[in-house]
*Asks:* 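Attaching a single structure in structure tokens format; questions to follow.
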Amino acid sequence: MALVVQKYGGSSVADIEAMRRVARRVVATRRAGNTVVVVVSAMGDTTDDLLDMADALTHDPPAREMDILLSAGERISMALLAMAVGELGVPARAYTGAQAGVLTDSRYGRASIVGVIPERIARTIQMGAVAVVAGFQGINEVEDVTTLGRGGSDTTAVALAAALNADVCEIYTDVDGLFTADPRIVPTARRIESLTSEETLEMAANGAKILHLRAVEYARRFGVPLHVRSSFSDKTGTWIYDGRRAGAFVPPVIVGPAASPASAPSADAVGGADVVDTAGAGAAVSPPAPARQARLDGVTGRVVAPDGAPAPDAAHVGATHSHAIRARATARRRPSAKEDHVEAPVISGIAHDRSQDKITLVGVPDVPGAAARIFAIVAGTDTNIDMIVQDVSAEGTGLTNISFTCPDGSSAAALKALEAAREDLGFRSLHFNPDIGKLSLVGAGMRSHPGVSAKLFSALSQAGINIHMISTSEIRISVVVDDAVLDEAVRAVHSAFGLDAQTAEAVVYGGTGR
């Protein structure tokens, strides 16, 4: 029996019929012998409706009260879904983030999870019921409700999966997995069968809307396998995993001390396959005589030895958890890490982002410490910086220009702070451009393939698209262009890198996927 955490986005639970459809999927998973924990977002556009109501009352709502307001949407969803599951004959209990043990800091509106103590969830699933948890929320040290920011239900689901030692965290949305580009912009986008966490982080950080960035970071840190799929179909989605597969064979979990490689059983002893230590380090795990099977408690995550057998050691505890994860995450054949294959795709996908603004300081003194003072002021407004470009100093002037991009919700505060410090910083003028878009090319294969940049810039040039800024990492190239031509840029680059499918694979079943 596997422990499965399922997260359903707003479009998946948009109305009563959608609730019933999700309930049927949850019940089917439970009746297949799995332990199930469900995390839900607010129904449809509920969060946006609540924001509109607050805006109608005040243009400066208190952050604490906004979190209390916005957390209501998920509370409605969790209660209704628990009722729908119960109506199908499976007991279910609904819990708020606080009741589920999600502990956060006190940054209202964008809180971070500092701990998860899922005692009530563990008790519920131990009794055979389905636990339905409100996503996007938690409780801080003074027992106030906090929210995790838009898309935070993904993070709630992964955090619970990590705390409960779940075998997999399934992220259900309104498309059949992750695609090589947004299917709303590129109808010929192809579904990606599997991605590394590294590639997924770059995609999420640069505008891909299916997965929340913090959820991917959390999953990578705690080794939670993710399966992104649609709640509107039964199609296999996209698996997100880490590193290389140790081998196709998943060994039996043996209770007893780990033996040295020299004393490992022969391949014949395990059906002709190689014995692999799924706990890592390449050490073989051999059975005592006779071999005894260990069991993973799907509720507590503890490795339980058979009656009369010695307690499993650390190597077998690790092997048992790896076995449970692999049994779920490698149920179907898929490639290992992209860099292991010479013929692997160079580019995994293209992400785009319209949520950034561009700020340019013109005539900045080109002296040591100038940039440090500028970005210290920006940091003081709690603004995150994405891309930065500094021009070469104009000959004879001793002045340069510095441009950077930041989230559109933070740009006003950064502008105000910089303008107030103009005399101290010594720059001539401040320019603001909200009409930009960012295109990001992501793929671990580009590490060993020259010419990726040339092909990217050539595709944009042939489409007549001008580039404002460029930023790179080991597996990503990002460019800033005018917002008006961003969709065209995505389609041009998608075609240039041969990512178009022969026939349309992408079906958008619902709204935004949140």
Side-chain angles (χ1 to χ4, degrees), residues 202 205-207 350-381 383-408 410-442 446-447 449-486 488-489 492-493 496:
E202 291 283 13
N206 290 282
I350 300 169
H352 72 280
D353 186 5
R354 285 190 165 89
S355 67
Q356 301 276 325
D357 293 336
K358 177 184 173 185
I359 297 175
T360 301
L361 292 85
V362 178
V364 178
D366 193 5
V367 296
R373 291 194 298 273
I374 289 170
F375 291 107
I377 290 171
V378 175
T381 65
T383 298
N384 291 320
I385 302 297
D386 184 17
M387 301 171 66
I388 303 173
V389 172
Q390 179 171 333
D391 297 340
V392 176
S393 179
E395 186 175 355
T397 66
L399 300 176
T400 186
N401 300 332
I402 296 179
S403 298
F404 65 89
T405 61
C406 62
D408 51 17
S410 305
S411 56
L415 279 170
K416 183 178 179 180
L418 289 170
E419 190 61 52
R422 179 191 291 216
E423 186 174 339
D424 292 336
L425 297 174
F427 63 86
R428 290 181 175 177
S429 61
L430 198 59
H431 295 176
F432 175 63
N433 183 2
D435 300 318
I436 62 167
K438 182 175 69 171
L439 179 152
S440 297
L441 207 59
V442 177
M446 70 172 66
R447 286 189 178 108
H449 287 74
V452 174
S453 299
K455 183 180 287 190
L456 168 64
F457 300 141
S458 176
L460 294 175
S461 174
Q462 290 175 17
I465 295 170
N466 187 46
I467 299 171
H468 296 288
M469 303 174 73
I470 302 170
S471 173
T472 64
S473 76
E474 190 179 18
I475 66 168
R476 172 190 54 80
I477 303 173
S478 295
V479 296
V480 169
V481 300
D482 289 332
D483 179 57
V485 298
L486 181 59
E488 182 183 353
V493 174

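For clarity, every value in this text was computed on a predicted model and none was experimentally measured.
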*Asks:* Any ion pair linking Lys438 and Asp386 (charged N to carboxylate O, less than 4.0 Å)?
*Replies:*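 A salt bridge is present here (some side-chain N lies under 4.0 Å from a carboxylate O).
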*Asks:* Could you list the residues that satisfy salt bridge (Lys or Arg N to Asp or Glu O under 4.0 Å) with Glu419, not counting sequence neighbours?
*Replies:*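 Testing Glu419 for salt bridge (Lys or Arg N to Asp or Glu O under 4.0 Å), a comparison that skips the adjacent residues, returns Arg422.
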*Asks:* For residues Ile359 and Cys406, determine if any side-chain heavy atom of one lies less than 4.5 Å from a side-chain heavy atom of the other.
*Replies:*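 Ile359 reaches Cys406 side chain to side chain.
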*Asks:* Which atom pair, heavy atoms only, marks the closest approach of Leu486 to Gly437?
*Replies:*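 Smallest heavy-atom distance, with atoms named: CD2-CA, 3.8 Å.
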*Asks:* Using a 4.5 Å cut-off on heavy atoms from C-beta on, say whether the side chain of Ile477 contacts that of Met446.
*Replies:*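 A side-chain contact under 4.5 Å exists here.
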*Asks:* Which pairs with one or both residues in residues 461-481 pass salt bridge (Lys or Arg N to Asp or Glu O under 4.0 Å), sequence neighbours excluded?
*Replies:*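 Non-adjacent pairs meeting salt bridge (Lys or Arg N to Asp or Glu O under 4.0 Å): Glu202-Arg476, Arg447-Glu474.
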*Asks:* Just distance, no hydrogens or angles: give the donor-acceptor pairs under 3.5 Å from side chains in residues 396-405, sequence neighbours left out.
*Replies:*
from: Thr397; atom 1: OG1; to: Ala394; atom 2: O; distance (Å): 2.9
from: Thr397; atom 1: OG1; to: Leu399; atom 2: N; distance (Å): 3.1
from: Thr400; atom 1: OG1; to: Asp391; atom 2: O; distance (Å): 2.5
from: Asn401; atom 1: OD1; to: Gly363; atom 2: N; distance (Å): 3.0
from: Asn401; atom 1: ND2; to: Asp391; atom 2: OD2; distance (Å): 3.4
from: Ser403; atom 1: OG; to: Thr360; atom 2: OG1; distance (Å): 2.8
from: Thr405; atom 1: OG1; to: Met387; atom 2: N; distance (Å): 3.1

*Asks:* Around atom CZ of Arg428, are there more than 12 heavy atoms from other residues, nucleotides or ligands closer than 6.0 Å?
*Replies:*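 No - once you tally the heavy atoms of other residues, nucleotides and ligands closer than 6.0 Å, there are 12 at most.
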*Asks:* Ile377 vs Leu425, test: side-chain contact (heavy atoms from CB on, under 4.5 Å). Steps then yes/no.
*Replies:* CA-CA 10 Å; Ile377 290 171; Leu425 297 174; 3.8 Å; yes
*Asks:* For residues 455-471, which side-chain donor-acceptor pairs fall under 3.5 Å, sequence neighbours excluded?
*Replies:*
from: Ser458; atom 1: OG; to: Gln462; atom 2: NE2; distance (Å): 3.2
from: His468; atom 1: NE2; to: Asp482; atom 2: OD1; distance (Å): 2.7

*Asks:* Not counting sequence neighbours, which residues clear side chain to side chain contact (heavy atoms under 4.5 Å, CB included) with Asp357? List them please.
*Replies:*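 Asp408, Ser411, Phe432, Pro434.
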*Asks:* Please walk me through it: do Val481 and Ile436 pass side-chain contact (heavy atoms from CB on, under 4.5 Å)?
*Replies:* CA-CA 6 Å; Val481 300; Ile436 62 167; over 6 Å; no
*Asks:* Under the rule for side chain to side chain contact (heavy atoms under 4.5 Å, CB included), what residues qualify as partners of Ala413, not counting sequence neighbours?
*Replies:*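 Side chain to side chain contact (heavy atoms under 4.5 Å, CB included) list for Ala413, sorted by chain: Thr381.
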*Asks:* Please give me the minimum heavy-atom distance between Ser478 and Ser440, naming the atom from each residue.
*Replies:*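 Taking Ser478 first and Ser440 second, the nearest heavy atoms are OG-OG, 2.6 Å.
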*Asks:* Could you tell me if the side chain of Val362 sits less than 4.5 Å from the side chain of Leu430, heavy atoms only?
*Replies:*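 SC-SC contact between Leu430 and Val362 ruled out.
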*Asks:* Using a strict 4.0 Å threshold on nitrogen-to-oxygen distance, state whether Asp483 and Arg354 make a salt bridge.
*Replies:*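 Judged by the 4.0 Å cut-off on N to carboxylate O distance, Asp483 and Arg354 do form a salt bridge.
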*Asks:* How far does CD1 of Ile388 sit from CD1 of Ile374, to the nearest 0.5 angstrom?
*Replies:*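 Output value for this atom pair is 10.0 Å.
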